[in-house]
Amino acid sequence: MEDYESDGGRMLFAGMYVSDIAREFGTPVYVTDEQRLRKNYRDVYGAFSKEMDTRIHYACKANSNLAVLRILQQEGSGIDAVSIGEVLTCLKAGFTADRIMYTGVNVSDEELRAVSDLGVMINIDSESELERLALIGPGSQISVRINPDVGSGHSDKVITGKKGTKFGIPADRAINVYSRAKDLGFDIRGIHAHIGSGGQSVEPFVDEAEVLANITNSLGEIGIELEFIDIGGGIGVPYKMNEEPMDLNEMAIEVTDMIKMETDVKTIVLEPGRYIVADTTLLLTKCVDVKDLGTKKYVGVDAGMNTLVRPAMYDSYHHIAIADKFGKVCTAKYDVVGPICESGDYLAHERVLPDPQEGDILAVYDAGAYGFSMSSNYNSRPLCREVLVNGGKAELIREAETVEDLWRLQKVPARLLR
Ligand code: LLP
C-alpha cells in the first residue's frame, strides 16, 4: 500500500491539507478522491478488457453515495445491486435499467416484482426464486447464481462461495435449474458466482472460472448458449503499509484464459466493489480525549463503530495517521476508540502514534468500501457527512443527519402523551 504525501508534516489528500478539510466540514467526515475513483475503475476495466470483452458491474453495496455512483456511471460502469433500494438509488444516479443486474438473496415476491417491473436482469439465487419469478415476471432476463464450492475472503463472515453458505445453487444442480428455466421460457443470459470478499490471491478466481466454464459447456450440449460468465466481485486491496496489491493483470490473464480455452463465451462480467472504492476515501475523526490507564493508553475519537464498523465486526485493519504529525516519531502504542458504549467499539488496537493530543485530526485509511454504507445510528448518533475532493476543491456530497432526523419516522401513540 502507498502512503500519502505530506508538506512539512502536514498530510495531503488529493492536493488538499487533510486538517483543512476536517476544519471546513467538521468531523467525523468521509472524504473521497474523485480522480482515484476514476483511476480504479479504469485500472480494473483496462486489465480485463485487454484480454476479452468486459463488463464491470460495480457492487454498489460498498459505497452507494449518489455522487460516487454518478462518477462511475460516467466512466461506463454497470451495477451489481442486491436490493430494490440499491436498484432505485442507481436509477436515480443516472444508470439505465439495462446496466443494472440484481443479485438478491432470500428475495421476497414484492421485491422480485418491483425489480422485474423495472426491467432489471435478475441473478437467480434459488429454485424457489426461479419458480416465483416465472409467475411474477415471465420471460425475464436472467442469470443463475452458482455455488462453486470455492471460497476466498478476508474473514469467514464474507466467504460466500463455499458449500454450506446460504448463497446460490450447488454446481451439481445447475443443469437441472437451467433446463427448468428454459422450459419456463426465461431469456437466459449468463452464469454467475461470487466466491467472497477481500481475497488476495488469483488462484481461487481461476478455480471458480473453471467451475463456471464447465457448467457453461454442459449447457451448450443441451442447447443453452450463454452470453456472459460473471465471476462476481472479491478483488482484495492492501490495507497494511507493507502489503502488495494483487496483480490484476495476472488475474485478468489467468481467468480469461480459462474462459477462452474452455468455452465460446465472449464476455466476462466482474462485480468489484472494494477494489473500486476502498482506497478512494479517508475517514477523518478528531481526537477528543486521551487516557493513560497505566496498562493501556487510549486515544478517544469522535468516530466509532457507528461510523466505521469493520474493525469491530471483522477485526479489520485500517491504517491510521495523525494528519498534522505526518511522519513524526511515534511515541507509544494506543488503542483508538470511539464514543459508543461497548468495549468492542474500536478503530485500531495497539497502534503506534506520534503523541496524540486532544484536537488532533486522525485519518483512517481505505475507508471507501463498506465504510459509510455500513454505518448506523447506534447510540442515537446521526450519520456523518461525506465530501468529494477534485482539482483542489472539496464539495459536500452528503449532509450530516441531525438528531431530529432520528425522530422523523417514529410515532408515540397519543394515549402515552396524556
Ligand atoms: N458481488 C456480490 C454478489 C457480492 O455479494 C459482493 C459482496 C460483491 C460482488 C462485491 O465484493 P467486493 O468486490 O467488494 O469484495 N462488508 C464486508 C464485505 C462484504 C461483501 C459482501 N458481498 C467488508 O466490509 O469487508
Side-chain angles (χ1 to χ4, degrees), residues 40-41 43-45 48 55-64 68 72 77-83 86-87 90 100-107 121-126 143-148 150-162 165-169 190-201 204-205 208 212 229-239 245-246 248 251 255 268-281 283 305 307-318 347 364-376:
N40 289 348
Y41 176 83
D43 283 353
V44 67
Y45 178 74
F48 282 82
R55 276 172 26 205
I56 304 291
H57 283 246
Y58 165 63
C60 68
K61 61 174 80 63
N63 186 329
S64 52
V68 167
L72 292 170
S77 184
I79 288 292
D80 170 60
V82 294
S83 69
E86 286 189 352
V87 171
C90 292
I100 303 175
M101 185 134 72
Y102 172 83
T103 309
V105 63
N106 298 322
V107 185
M121 186 182 320
I122 294 175
N123 233 331
I124 296 288
D125 184 72
S126 71
S143 154
V144 175
R145 180 172 189 163
I146 302 299
N147 181 319
V150 177
S152 157
H154 66 77
S155 146
D156 284 349
K157 291 191 176 124
V158 300
I159 295 177
T160 46
K162 285 299 274 183
T165 70
K166 67 177 176 182
F167 298 98
I169 287 166
I191 187 165
H192 161 103
H194 171 70
I195 56 179
S197 188
Q200 288 274 52
S201 68
F205 291 103
E208 175 200 14
L212 297 183
I229 291 183
D230 179 347
I231 65 162
I235 305 170
V237 298
Y239 283 92
M246 198 172 95
L248 263 194
M251 175 181 172
V255 170
I268 183 168
V269 175
L270 290 106
E271 302 167 355
R274 187 185 313 272
Y275 183 87
I276 291 181
V277 285
D279 70 356
T280 63
T281 302
L283 166 62
M305 63 194 288
T307 326
L308 177 69
V309 76
R310 302 192 70 255
M313 188 153 175
Y314 311 111
D315 253 330
S316 298
Y317 180 97
H318 284 263
L347 297 180
V364 183
Y365 288 33
D366 303 309
Y370 310 104
F372 187 93
S373 68
M374 292 180 80
S375 62
S376 76

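Both ligands and their constituent atoms are indexed starting at 1 by order of listing. Basis for what follows: all heavy atoms, side chains included, without hydrogens, waters or symmetry-related copies.
Taking a cut-off of under 4.0 Å to the non-hydrogen atoms of Asp80, the atoms of ligand 1 that pass are 1 (N), 2 (C), 3 (C), 9 (C). Near Ala59, with a cut-off below 4.0 Å to any heavy atom, the atoms of ligand 1 are 8 (C), 9 (C), 10 (C). Atom numbering of ligand 1 starts at 1 in the shown order; those under 4.0 Å from a heavy atom of Val158 are 17 (C), 18 (C), 19 (C). For ligand 1, the atoms sitting less than 4.0 Å from at least one non-hydrogen atom of Pro272 are 13 (O), numbered in the order shown with element in parentheses. Shown in contact with Gly233 at under 4.0 Å from a heavy atom are these atoms of ligand 1, numbered in order with element: 1 (N), 9 (C), 13 (O). Atoms of ligand 1 found under 4.0 Å from any heavy atom of His154 (numbered from 1 in listed order, with element): 23 (C), 25 (O).
Here Asp80 pairs with Lys61 in a salt bridge; the nearest charged N to carboxylate O distance falls below 4.0 Å.
Annotation: atom 20 (C) of ligand 1 to nearest protein heavy atom, Tyr370 OH, 3.6 Å. If you check which protein heavy atom lies closest to atom 24 (O) of ligand 1, you get Arg310 NE, 2.6 Å. The nearest heavy-atom contact from the protein to atom 1 (N) of ligand 1 is Glu271 OE1, 2.7 Å. Here the protein heavy atom with the shortest distance to atom 21 (C) of ligand 1 is Lys61 CD, 3.8 Å.
A donor-acceptor distance shorter than 3.5 angstrom exists from the side chain of His318 to the backbone of Tyr365, with no hydrogens or angles considered. Looking at Asn147, its side chain does come within 3.5 Å of a backbone N or O of Lys162 through a donor-acceptor pair. Without hydrogens or angle criteria, Lys166 side chain to Asn106 main chain gives no donor-acceptor distance under 3.5 Å. A donor-acceptor contact shorter than 3.5 Å is absent between the side chain of Ser197 and the backbone of Gly234.
Considering all non-hydrogen atoms of both residues, Ile169 and Asp125 come closest at CG1-O, 3.7 Å.
In this structure Ile100 satisfies the side chain to side chain contact (heavy atoms under 4.5 Å, CB included) test together with Ile79, Ala81, Val87, Cys90, Leu91, Phe95, Val120, sequence neighbours excluded. With sequence neighbours excluded, the residues forming a side chain to side chain contact (heavy atoms under 4.5 Å, CB included) with Ser152 are Ile195, Pro204, listed by chain and number.
Backbone and side-chain nitrogen or oxygen atoms of Ala62 are examined, and none is located within less than 3.5 angstrom of a nitrogen or oxygen of ligand 1. Some N or O of Gly234 is nearer than 3.5 Å to an N or O of ligand 1, by distance alone.
Across the listed options His194, His57, Met313, Arg274, His194 owns the non-hydrogen atom lying nearest to atom 11 (O) of ligand 1.
Only the side chain of Tyr314 comes within contact range of ligand 1, with a heavy atom under 4.0 Å; no backbone atom does. Both the backbone and the side chain of Ser197 come within 4.0 Å of ligand 1, judged by heavy-atom distances.
In Asp156, the CG atom is not crowded: 12 or fewer heavy atoms of neighbouring residues, nucleotides or ligands sit closer than 6.0 Å.
When ring centroids are compared, Phe167 and His194 stay outside the 6.0 Å threshold.
Not a single heavy atom of Ala369 lies less than 4.0 angstrom from ligand 1.
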